[in-house]
Amino acid sequence: MAQIKNNSITSRDVDFTQWYTDVCKKAELMDYSTVKGFIIYRPYGYAIWEEIQNYLNKRFKETGHSNVYMPLVIPESLFNKEKEHVEGFAPETLIATKGGESTLEDRLIIRPTSEVLFTDHYAKIIASYRDLPKLYNQWCNVVRWEKTTRPFLRGSEFLWQEGHTMHASETEARDETLRMLDIYDDLGREALAVPFVKGRKTEKEKFAGALETYSIEALMHDGKALQSGTSHYFGQGFAKAFNVKYLDKDGQIKAPYQTSWGVSTRLIGSIIMVHGDDNGLVLPPVVAPIQIVIIPVKMNDEESVKVCQDLKKQLLDEGIRVELDLSDKSAGWKFSEYEMKGVPLRLELGPRDLALNKCVIAKRNTGEKLDVKLEDVTSSVKDLLAVVHNEMYQKALTFLSEHIKEVHTFDELEKVVNAGGYAKMMWCGDVACENAIKERTTATSRCMPFAQIPFDDICPICGKEAHYVVLFAKAY
RNA sequence: CGGGGUGUAGCGCAGGCGGUAGCGCGCUUGGUUCGGGACCAAGAGGUCAGGAGUUCGACUCUCCUCACUCCGACCA
């Protein structure tokens with residue numbers, strides 16, 4: 001009945017950082033490799049990523065995007081064409097300088113992002129307004145030479161998708177930027193059970209080379225924010241730098257308007273830190289590699305094993321990701337193991353259940369155990385998966401709303417960000433105020449939320465007139 | 001790049017006075033178990049991170065190097 005104390009992981013409230021690392025490893029999501037900052041995505045962790053891919057690929061294709069694949073390397077000469085972009089990424093590029101025995105004249109940058117490659121390619125394939133829009137996406141890995149690394153949150157290499165699009169009009173490109181941000185928001189609400197704050201980045205925080213950057217921000221259990229996805233509007237900057245042009249209907253040569261957008265395996269970190277507890281991972285059903293695990297309580301009881309196998313087949317037929325664990329570990333060990341791995345539902349079945357023609361289904365998120373008649377298992381499981389998702393989302397949403405607080409003074413802001421959560425502040429728009437906040441509290445501006453409802457006239461930092469509602473928080 | 005920490009069996013850790021290494025978990029085999037991380041028995045498993053120095057002798061002392069990890073500055 002009672003939750004067993006799990007000695008193998010650190011408690012969340014004792015040391016959140018250690019808890020996070022413990023979960024990543026003990027739930028078998030990843031392992032460290034021999035190269036710093038490069039992790040091994042183990043099958044269970046990679047499967048979560050595959051479920052995220054499934055969701056997004058469906059949405060991307062519905063909205064007219066095609067998947068492509070670009071090279072891993074970017075010639076340095078090409079990379080240098082867009083100035084702000086270069087300055088933003090130069091400090092963290094990994095560069096290949098040698099091919100075989102010969103030194104490379106034009107060094108090859110391992111892509112940190114692929115704006116350059118896409119734009120260069122677009123210059124070749126776009127000639128007419130009839131060629132627009134171009135809606136491409138790629139799933140790949142990128143490399144950024146990070147100083148400090150943490151599994152899924154910040155790695156020298158990570159997996160992501162990057163969409164890159166070209167449009168004939170500014171309006172269309174701006175719409176695209178926001179449409180994709182909405183899809184990310186849907187991903188959070190419908191699949192990850194993670195509520196995001198959507199908004200625009202300040203000048204200081206926006207992407208190198210973009211005119212505008214929008215982001216989805218999630219709030220972790222320890223009160224720190226995590227930028228979980230971004231969508232950028234580039235205007236014609238890259239297009240002009242890379243000489244992308246087309247002949248419009250009116251006979252004029254024009255440069256197209258560009259966007260890019262991406263989410264990465266960082267989302268896995270966000271799932272872990274939003275939903276996890278002291279017994280380990282808690283996975284939202286939509287992306288859980290195993291949605292329900294069946295555990296026969298008495299291993300060598302032929303009758304219950306047979307019923308378990310029948311139930312497994314029924315669930316499989318309904319498209320539910322089910323696993324039946326017939327290994328010779330004890331039932332208690334299995335309970336703990338699948339809790340650690342965050343499996344949303346567990347079905348227990350033993351002789352005592354069989355006598356009553358029922359089984360027990362336990363919900364990972366609440367620990368509740370329910371008696372379910374054997375003939376109702378399939379329909380109950382479907383319902384329960386939906387219930388678990390909703391409960392997880394609502395819980396996270398409540399936590400988020402309780403951790404957004406309006407502040408009117410610097411002291412209040414400091415108190416809020418130190419306690420964990422977002423300080424909602426009216427801001428003048430001057431980067432000097434952002435810098436002052438960062439210096440004193442280490443918190444940064446996360447975004448200017450779309451719902452801009454002013455609640456004060458002056459910026460508490462400098463005392464000048466305030467124009468924007470901004471959220472500040474300590475962030476990963 | 002600055003500051004700390006750790007490197008001994010797959011994992012987590014002991015160890016010492018300088019004399020060539022041990023515990024727990026895990027793993028293998030056999031048996032008994034099975035409703036919240038079962039138990040018994042028998043096994044396998046080690047260039048003590050690397051290099052140099054001191055010494056008759058270094059896993060232990062000295063110096064250097066490397067790796068990983070955590071905290072800051074930078075980023076998804």
Side-chain angles (χ1 to χ4, degrees), chain A residues 1-10 15-18 20-22 25-26 31-39 87-93 112-113 141-162 184 201 204-208 213 215-218 225-232 260-270 279-280 295-301 304-305 325-340 346 348-355 359-360 362 367 369 371 435 438-439 442 444 474-476:
Chain A
M1 253 349 198
Q3 294 285 307
I4 56 112
K5 66 295 171 198
N6 193 319
N7 298 321
S8 54
I9 66 170
T10 310
D15 183 346
F16 193 77
T17 302
Q18 189 59 48
Y20 177 78
T21 310
D22 286 351
K25 290 206 70 178
K26 298 273 167 63
D31 200 0
Y32 291 105
S33 77
T34 45
V35 184
K36 175 185 158 63
F38 291 77
I39 61 166
E87 284 168 8
F89 281 100
E92 53 185 51
T93 50
T113 178
N141 59 336
V142 288
V143 171
R144 299 181 185 181
W145 206 249
E146 298 288 350
K147 309 270 182 358
T148 304
T149 60
R150 299 192 54 197
F152 302 120
L153 300 179
R154 198 190 299 111
S156 295
E157 177 188 31
F158 55 92
L159 309 182
W160 77 347
Q161 60 69 213
E162 47 179 332
Y184 293 155
K201 287 286 188 184
K204 176 178 162 64
E205 299 290 332
K206 75 175 193 192
F207 181 80
T213 291
S215 74
I216 45 167
E217 302 281 332
L226 182 68
Q227 178 174 310
S228 302
T230 47
S231 187
H232 313 289
S260 83
W261 26 274
V263 293
S264 71
T265 38
R266 178 179 268 191
L267 287 173
I268 296 172
S270 153
N279 288 329
I295 299 174
V297 177
K298 197 171 159 69
M299 253 305 297
N300 56 3
D301 184 63
S304 38
V305 168
D325 189 339
L326 293 179
S327 68
D328 61 0
K329 304 276 191 192
S330 72
W333 188 91
K334 291 177 188 173
F335 293 172
S336 301
E337 181 66 10
Y338 290 97
E339 272 165 12
M340 175 65 73
R346 176 182 72 239
E348 308 170 17
L349 187 138
R352 268 162 28 201
D353 297 303
L354 271 186
C359 65
V360 174
K369 286 187 176 186
D371 282 338
N435 289 335
K438 184 165 186 185
E439 194 161 327
T442 75
T444 48
K474 296 191 179 182
Y476 278 99

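Naming: A, B, ... by sequence-line order, numbering from 1 per chain.
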Problem set entry | B:G36 base / A:K369 side chain donor-acceptor hit below 3.5 Å | yes
Gap in Å between the two [atom1] atoms, one belonging to [N] and one to [M], rounded:
{"N": "B:U20", "M": "B:U55", "atom1": "C1'", "value": "15 Å"}
{"N": "B:U29", "M": "B:A9", "atom1": "P", "value": "24 Å"}
{"N": "B:U69", "M": "B:C61", "atom1": "C1'", "value": "27 Å"}
{"N": "B:U60", "M": "B:G18", "atom1": "P", "value": "12 Å"}
{"N": "B:C56", "M": "B:A49", "atom1": "C1'", "value": "27 Å"}
{"N": "B:C48", "M": "B:C40", "atom1": "P", "value": "33 Å"}
{"N": "B:U8", "M": "B:C23", "atom1": "C1'", "value": "13 Å"}
{"N": "B:G46", "M": "B:U6", "atom1": "P", "value": "27 Å"}

For this session: Measure from CZ on A:F207 to P on B:C74 and round the result to the nearest Å.
Result: 18 Å
What is the nucleic acid contact for [X], judged by heavy atoms within less than 4.0 Å: base, sugar-phosphate only, or nothing?
{"X": "A:P351", "answer": "base"}
{"X": "A:G262", "answer": "nothing"}
{"X": "A:D353", "answer": "base"}
{"X": "A:Q227", "answer": "sugar-phosphate"}
{"X": "A:V263", "answer": "nothing"}
{"X": "A:L153", "answer": "base"}

Taking only N and O in the side chain of [X], is any of them less than 4.0 Å away from OP1 or OP2 of [N]?
{"X": "A:K26", "N": "B:G26", "result": "no"}
{"X": "A:S330", "N": "B:A38", "result": "yes"}
{"X": "A:K438", "N": "B:C74", "result": "yes"}

Any idea which of [options] is nearest the [X] side chain?
{"X": "A:T442", "options": "B:A73, B:G37, B:C34", "result": "B:A73"}
{"X": "A:R150", "options": "B:G37, B:C71, B:C34", "result": "B:C71"}
{"X": "A:W333", "options": "B:C27, B:G37, B:G36", "result": "B:G37"}
{"X": "A:R352", "options": "B:C75, B:G36, B:G35", "result": "B:G35"}
{"X": "A:K147", "options": "B:A73, B:C27, B:G36", "result": "B:A73"}
{"X": "A:T148", "options": "B:G72, B:C70, B:G35", "result": "B:G72"}
{"X": "A:T17", "options": "B:C34, B:C71, B:C27", "result": "B:C71"}
{"X": "A:T149", "options": "B:G36, B:G35, B:U69", "result": "B:U69"}

Problem set entry | Between A:D22 and A:Q18, a side-chain donor and acceptor under 3.5 Å | yes
Exercise. Under 4.5 Å between any side-chain heavy atoms of A:K25 and A:P151, yes or no?
Worked result: no
Exercise. Can a salt bridge be assigned to the pair A:E217 and A:K201 using a cut-off of 4.0 Å between side-chain N and carboxylate O?
Worked result: yes
Problem set entry | Lys/Arg-Asp/Glu bridge criterion (N-O < 4.0 Å) met for A:E337, A:K329 | no
Exercise. Does NZ or CZ of A:R346 lie under 6.0 Å from the centre of the six-membered ring of A:F335, at an angle within 45° of the ring axis?
Worked result: yes
For this session: Scan every strand shown for a Watson-Crick or G-U wobble partner of B:G26, both distances under 3.5 Å, and answer none if you come up empty.
Result: none
